[in-house]
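Both backbone and side-chain heavy atoms feed into the values below; hydrogens, waters and symmetry mates do not.
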Amino acid sequence: MIERLLPGDVSCAATREETVPDGTLFPEEEELIARSVAKRRNDFATARACARRAMGRLGLEPVAVLHGKRGMPLWPDGIVGSLTHCDGYRAAALARAADVLSLGVDAEPHAPLPEGVGELVVRPSERERFAAPRTGEAGGIHWDRLLFSAKESVFKTWYPLTLTELDFDEADLTFRREGDDRAGDPAAGGTFTARLLRTDPAVPPVLDGRWRVEDGIVATAVLLRPNWRDGPAGSGAGWVQES
């Protein structure tokens, strides 16, 4: 699913499995979750198993994936990437830093946000764009949950470059839906644009992303190229693979 959101020079791996065999983690990874509950251990381990599969597809030897501030994964030199996990889906996306400056992926259960969370996530301007703002669902899509996921992907792209916070209300997102549901495809997808209301010279003021809803999961991805300053003003210029 994630692989359908990203260009070919990004190595993706995903699983629906909830657990991995004992011995999957490196000792230094085990130390990070030694006191964690079973769910946290499973989330951590399955995401890292995906990361090592993605490494292999880039021709890399498997290594431990530790984390820094805000849980940011620490990748080998010359590699950028992102991890995500939710009930029923785990994924990793990695790329060479020569090709991709930063990227973020996120997956969530396709269901309405818990009561009270939407008020923290959805800006008034975004709510006005929803076709059914009171239910969060329009055209079969829980737009509130999609918005939450997209803002997570935006943050995961932003944070490694700035090492500063970006709150939910500091990005204003617009979604576009692609395809024709009448064609018989049970999935839905499209693109989105994130206008950042907090600026930093390391990141363009607008980031572009893609989204997909399929088999009970909503997934989003944002990608930023190293040459984003060469693109149109304000553009993240993320999706065309450099030749």
For E108, which residues count as a salt bridge (charged side-chain N to carboxylate O under 4.0 Å, His left out) partner, sequence neighbours excluded?
R145
Between L173 and L147, is there a side-chain heavy-atom distance shorter than 4.5 Å?
yes
I'd like to know if the side chain of R129 reaches the main chain of F175, judged simply by a donor and an acceptor atom lying under 3.5 Å from each other, with no hydrogens or angles considered.
no
Residue set satisfying side chain to side chain contact (heavy atoms under 4.5 Å, CB included) with E3, at least two apart, ordered chain then number -> C12
Can you tell me which residue pairs pass the salt bridge (charged side-chain N to carboxylate O under 4.0 Å, His left out) test with a partner in residues 83-97, sequence neighbours excluded?
E18-R90, K39-D87, D43-R90
Looking at side-chain heavy atoms only, is the closest gap between L6 and R210 below 4.5 Å?
no
Tell me which pairs pass ring pair (Phe, Tyr, Trp, His ring centres under 6.0 Å) where either residue lies in residues 19-44, with sequence neighbours left out.
none
A side-chain contact here means heavy atoms from C-beta on lying under 4.5 Å apart; do L224 and P204 qualify?
yes
Would you say I79 ends up clustered with L101 if hydrophobic residues are merged whenever their side chains have heavy atoms under 4.5 Å apart, either directly or through other cluster members?
no
side-chain hydrogen bond (donor to acceptor under 3.5 Å, both in side chains) involving E152 - partner list, sequence neighbours excluded
none
Where at least one partner belongs to residues 53-71, residue pairs that pass side chain to side chain donor-acceptor pair (under 3.5 Å), sequence neighbours excluded
R70-E165
N42-T19 side chain donor-acceptor pair, cut-off 3.5 Å
no
Can a donor-acceptor pair be found, under 3.5 Å and without considering hydrogens, that links the side chain of K151 to the backbone of V121?
yes
For G104, is there any backbone N or O sitting under 3.5 Å from a side-chain donor or acceptor partner on T157?
yes
F155 ring center near F168 ring center (under 6.0 Å)
no
The side chain to side chain contact (heavy atoms under 4.5 Å, CB included) partners of L66 (sequence neighbours excluded) come to E28, E29, L32, A64, L74
Can you list every pair that meets ring pair (Phe, Tyr, Trp, His ring centres under 6.0 Å) and has a residue in residues 81-122, with sequence neighbours left out?
H110-H142
Test side-chain contact (heavy atoms from CB on, under 4.5 Å) applied to F148 and V122, step by step
CA-CA 8 Å; F148 178 89; V122 185; over 6 Å; no
Considering only heavy atoms from C-beta outward, does the side chain of Y159 approach that of M72 to under 4.5 Å?
yes
Output, in order, the C-alpha distance, side-chain angles, deciding distance and verdict of side-chain contact (heavy atoms from CB on, under 4.5 Å) for W75 and V65.
CA-CA 6 Å; W75 303 107; V65 181; 3.9 Å; yes
Can any side-chain N or O of D144 pair as donor or acceptor with the backbone N or O of L113 at less than 3.5 Å?
yes
Is there side-chain contact between R52 and V63, with heavy atoms separated by less than 4.5 Å?
no
Can a donor-acceptor pair be found, under 3.5 Å and without considering hydrogens, that links the side chain of W158 to the backbone of T164?
yes
Please step through side-chain contact (heavy atoms from CB on, under 4.5 Å) for the pair R212 and E178, ending with a clear verdict.
CA-CA 10 Å; R212 186 170 178 85; E178 298 175 344; over 6 Å; no
Between D200 and L161, does the side-chain contact (heavy atoms from CB on, under 4.5 Å) criterion hold? Intermediate values first, please.
CA-CA 9 Å; D200 188 285; L161 300 177; over 6 Å; no
With sequence neighbours excluded, residues passing side-chain hydrogen bond (donor to acceptor under 3.5 Å, both in side chains) with S82
none
D169 with R198: basic N within carboxylate O range, under 4.0 Å
no
Please identify each residue that fulfils side-chain hydrogen bond (donor to acceptor under 3.5 Å, both in side chains) with T191, with sequence neighbours left out.
R176
Of all residues at least two apart in sequence or in a different chain, which pass the side-chain hydrogen bond (donor to acceptor under 3.5 Å, both in side chains) check with S149?
D106, T220
Is there a side-chain contact between L25 and V20, using heavy atoms and a 4.5 Å cut-off?
no
Once rounded to the nearest 0.5 Å, what's the spacing between atom CG of L207 and atom CH2 of W228?
9.0 Å
Side chain to side chain contact (heavy atoms under 4.5 Å, CB included) involving A54 - partner list, sequence neighbours excluded:
S11, A13, L94
